[in-house]
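Some notes on the structure that comes next.
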Amino acid sequence: MTGNNPTAKTLGELGATNAEAVAQVFAKVQADFDGQAQTHSHDVDAWKLFVVAWTGRKSGVLSQITDNWLKSAPKDLKPVVGQEVNKLKSHVEAVLEEKREEMEASADQAAAARDAIDLSLPGVDRAIGTRHLIRQTYEELQRIFLSIGFSVVEGPEIETPYYNFEALNIPEHHPARDNMDTFYIEGSKVGHLLRTHTSPMQIRTMEKQKAPVRIVVPGKVYRRDNPDSTHGYMFHQIEGLAVDTDITFCDFKGTVEYFVREFLGPKAKTRLRPSYFPFTEPSAEVDATCHVCGGSGCRVCKFSGWIELFGAGMVNPAVYGFVNYDAERLSGFAFGMGIDRLAMMKYGVSELPLLFQNDIRFLSQFP
Ligand code: 2U9
């Protein structure tokens, strides 16, 4: 209400002492209302304030009119005032209701417009990610070994020299430690280090579980190698171990050949080349038919027709001594693969760093 607020006074104070004068006062109020409704209808918040100003229970104009005009009206005028109040109230409510519906409708329209899909617009390209090549290769390797009864165990990346070296028949000062230099945890009294292979978890498993054991152990391993196209300070490995009472070299060879056929295809041939690892005896490098030239010789296999896949061998009985396994009664084989290397080989990736640079142009090539 403009200027002094007439609804704070009584009708008597406003000089509205007869029906006609009362009607005029109410007409003025209604005119004010309509005027304000007009000016406040363009903005939701302003409208909300306007609604409260008029219909507020405590200080709303209608309440004031009821309190100050109706309740204080002289007996003879009360019916007239009562009628005027009801007429004003229903007018106010009608206008507010109409506006509320209008606003609701336009809000719905806005929402509909907002949510309306203009099918002529080009689709929103939601680039669906893919599993990283290393994850894809790891899952393929895992599938192959799960299919022949191996179970997957994972172990800590921070290890002790005992589990990473000694228990694997790599005593202090053993030359095999040279190419297994790694990162040591500063301030660790026992010389905690970042594991150089996942083999420690095979030891931990044999400590806790009696034979038979058939496990594969995937995970990140660390070497203090200078990064180049095929080496990084961190890479992914999957190692395997099978120990039981009657495991022979044939079981070893059969398992390796099964793996190569599953991983590279039924025509892939396997070749075992004598090698050396402290934790296996005899040890072998496992080669497979070059998947690029099929064995006829090419740049990838340096014209040998063979690709070196991974290392393996019969478990060195010396290892059983560390896990209280009876080397007389038990035998087993083990293998170790570089997952990144197998992924590069299988998918023709020439640079190891490409696997870790998160370049979508590279990663999106392997859906
Ligand atoms: C125990 C006994 C034996 C695991 C083995 C290899 C051969 C091997 C390399 C492959 C590529 C490491 O990632 S790499 O650079 N590993 O060649 N690993 S046999 O032998 C074990 C492991 C645990 C108790």
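Count residues from 1 along the sequence. Since this is a predicted model, take the numbers as computed values, not measurements. Note that ligands are numbered from 1 as they come in the structure, with each ligand's atoms numbered from 1 the same way.
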Return yes when Phe310 approaches ligand 1 closer than 4.0 angstrom through a heavy atom, no otherwise. no
Any atoms of ligand 1 less than 4.0 Å from a non-hydrogen atom of Phe235? List them with their elements. 13 (O)
Which atoms from ligand 1 have a heavy atom of Phe335 less than 4.0 Å away? 4 (C), 5 (C), 18 (N), 19 (S)
Proximal ligand 1 atoms for Ala312, defined as those under 4.0 Å from one of its heavy atoms: 7 (C), 19 (S)
Val29 and Trp54, any side-chain heavy atoms less than 4.5 Å apart: yes
Identify the closest protein heavy atom to atom 9 (C) of ligand 1: which residue and atom is it, and at what distance? Gly336 O, 3.9 Å
Measure the shortest side-chain to side-chain distance between Met337 and Glu239 over non-hydrogen atoms and say whether it is less than 4.5 angstrom. no
Closest to atom 15 (O) of ligand 1 (heavy atoms only, candidates His197, Arg341, Arg223) is Arg223
Nearest protein heavy atom to atom 24 (C) of ligand 1, by residue and atom, and its distance? Met206 CE, 3.5 Å
For Phe277, which part has a heavy atom under 4.0 Å from ligand 1: side chain, backbone, both, or neither? side chain
Charged tip of Lys346 within 45° of Phe263 ring normal and under 6.0 Å: yes
Apply ring pair (Phe, Tyr, Trp, His ring centres under 6.0 Å) to Phe50 and Phe33, showing your working. CA-CA 9 Å; Phe50 166 70; Phe33 170 79; 5.3 Å; yes
Non-hydrogen side-chain atoms of Leu342 and Leu309 separated by less than 4.5 Å: yes
For Gln237, is at least one N or O under 3.5 Å away from an N or O on ligand 1? yes
In this structure, atom 11 (C) of ligand 1 is nearest to the protein heavy atom Gly338 N, 3.7 Å
Close approach, Glu285 and ligand 1, non-hydrogen under 4.0 angstrom: no
A student comparing Ala334, Gly311, Ala318, Ser275 should find that the heavy atom closest to atom 7 (C) of ligand 1 comes from Gly311
Could you name the option among Tyr320, Phe279, Tyr325 that has the heavy atom nearest to atom 5 (C) of ligand 1? Phe279
Under a 3.5 Å threshold, yes or no: a donor from one side chain and an acceptor from the other, between Glu207 and Tyr163? yes
Is Glu285 salt-bridged to Arg271, going by a charged N under 4.0 Å from an acidic O? no
Which atom names give the shortest non-hydrogen contact between Leu241 and Ala334, and what distance separates them? CD1-CB, 4.1 Å
Ligand-side contact atoms (ligand 1) for residue partner Leu168, heavy atom cut-off under 4.0 Å: 1 (C), 23 (C), 24 (C)
Among all protein heavy atoms, pick out the one at the shortest distance from atom 4 (C) of ligand 1; state its residue, atom name and that distance to 0.1 Å. Glu239 OE1, 3.4 Å
What one should report as the nearest heavy-atom pair of Thr55 and Leu96 is CG2-CD1, 3.4 Å
